[in-house]
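These numbers come from the heavy atoms of this one structure, side chains and all, not from hydrogens, waters or symmetry mates.
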Amino acid sequence: MVLGPWAQGAGYGRRFLAHVEGLAREREREAAQIFLAAVEANARGRAFWEREGFKPTGVSGKMQFGQCHHRLHRLVKPL
């Protein structure tokens with residue numbers, strides 16, 4: 001999830017997450033947990049996910065977006 005500066009702190013992220021969690025719970029086979037990858041360079045973003053109940057899994061990796069290389073950390077939240 002990427003929000004522009006105008007949307008940060010306005011509750012859009014929390015509402016989006018609630019929507020995604022609702023979809024996961026409605027599935028025929030209810031999902032037990034949600035995983036995501038947090039970009040290491042975005043400490044504010046990772047803090048959001050952790051406030052919302054996500055915990056580190058200990059799994060990390062690298063990904064390239066255009067010319068930029070980013071380190072990612074996998075987080076999980078039980079539903």
Side-chain angles (χ1 to χ4, degrees):
M1 175 174 61
V2 177
L3 298 175
W6 59 271
Q8 295 172 5
Y12 294 112
R14 189 167 281 141
R15 283 187 290 223
F16 175 74
L17 177 58
H19 177 71
V20 170
E21 288 178 355
L23 292 174
R25 288 186 180 103
E26 291 172 2
R27 301 289 304 186
E28 184 175 315
R29 296 182 191 170
E30 183 177 316
Q33 49 197 340
I34 293 180
F35 291 89
L36 62 85
V39 178
E40 184 173 270
N42 184 357
R44 189 172 172 205
R46 181 163 178 171
F48 166 80
W49 295 117
E50 290 178 351
R51 280 193 309 275
E52 294 301 316
F54 284 84
K55 304 287 183 207
T57 64
V59 176
S60 61
K62 295 179 184 177
M63 185 171 232
Q64 183 174 346
F65 298 103
Q67 298 297 320
C68 298
H69 296 270
H70 295 279
R71 185 147 186 85
L72 305 173
H73 298 281
R74 190 175 190 196
L75 306 177
V76 63
K77 178 181 180 180
L79 293 176

Please give me the minimum heavy-atom distance between Ser60 and His73, naming the atom from each residue.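 Of all heavy-atom pairs spanning Ser60 and His73, the closest is CB-ND1, 3.4 Å.
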Report yes if some heavy atom in the side chain of [X] is under 4.5 Å from a heavy atom in the side chain of [Y]; otherwise report no.
{"X": "Leu3", "Y": "Phe16", "result": "no"}
{"X": "Leu72", "Y": "Val39", "result": "yes"}
{"X": "Leu17", "Y": "Lys77", "result": "yes"}

Aromatic rings Trp49 and Phe54: how do their planes relate, parallel, tilted or perpendicular, breaks at 30° and 60°?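 The arrangement is perpendicular - the two ring planes meet at more than 60°.
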Within a reach of under 6.0 Å around CE of Met63, are more than 12 heavy atoms found that belong to other residues, nucleotides or ligands?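 Result for CE/Met63: open.
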Is the number of heavy atoms from other residues, nucleotides or ligands under 6.0 Å of Arg14 CZ greater than 12?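 For Arg14, atom CZ is not crowded (no more than 12 foreign heavy atoms under 6.0 Å).
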Is the backbone of Arg74 close enough, under 3.5 Å, to the side chain of Thr57 for a donor and an acceptor to pair up by distance?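 Present.
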Spell out, as yes or no, whether a donor-acceptor pair under 3.5 Å connects the side chain of Gln64 to the backbone of Gly66.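 Flag set: sc Gln64 to bb Gly66 pair under 3.5 Å.
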When hydrophobic residues are tied together by side-chain contacts of less than 4.5 Å, even through go-betweens, does Trp6 share a cluster with Met1?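 Cluster IDs for Trp6 and Met1 match.
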When you measure from the centre of the six-membered ring of Phe48, is the NZ or CZ of Arg51 under 6.0 Å away and within 45° of the axis?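 Verdict for Phe48: no cation-pi partner in Arg51.
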Would Arg46 and Leu75 count as a side chain to side chain contact (heavy atoms under 4.5 Å, CB included) here? Give the steps. CA-CA 9 Å; Arg46 181 163 178 171; Leu75 306 177; 4.0 Å; yes
Measuring from atom CZ of Arg71 to atom NE2 of His69, what distance do you get when rounded to the nearest 0.5 angstrom?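 Taking CZ in Arg71 and NE2 in His69, the distance rounds to 13.5 Å.
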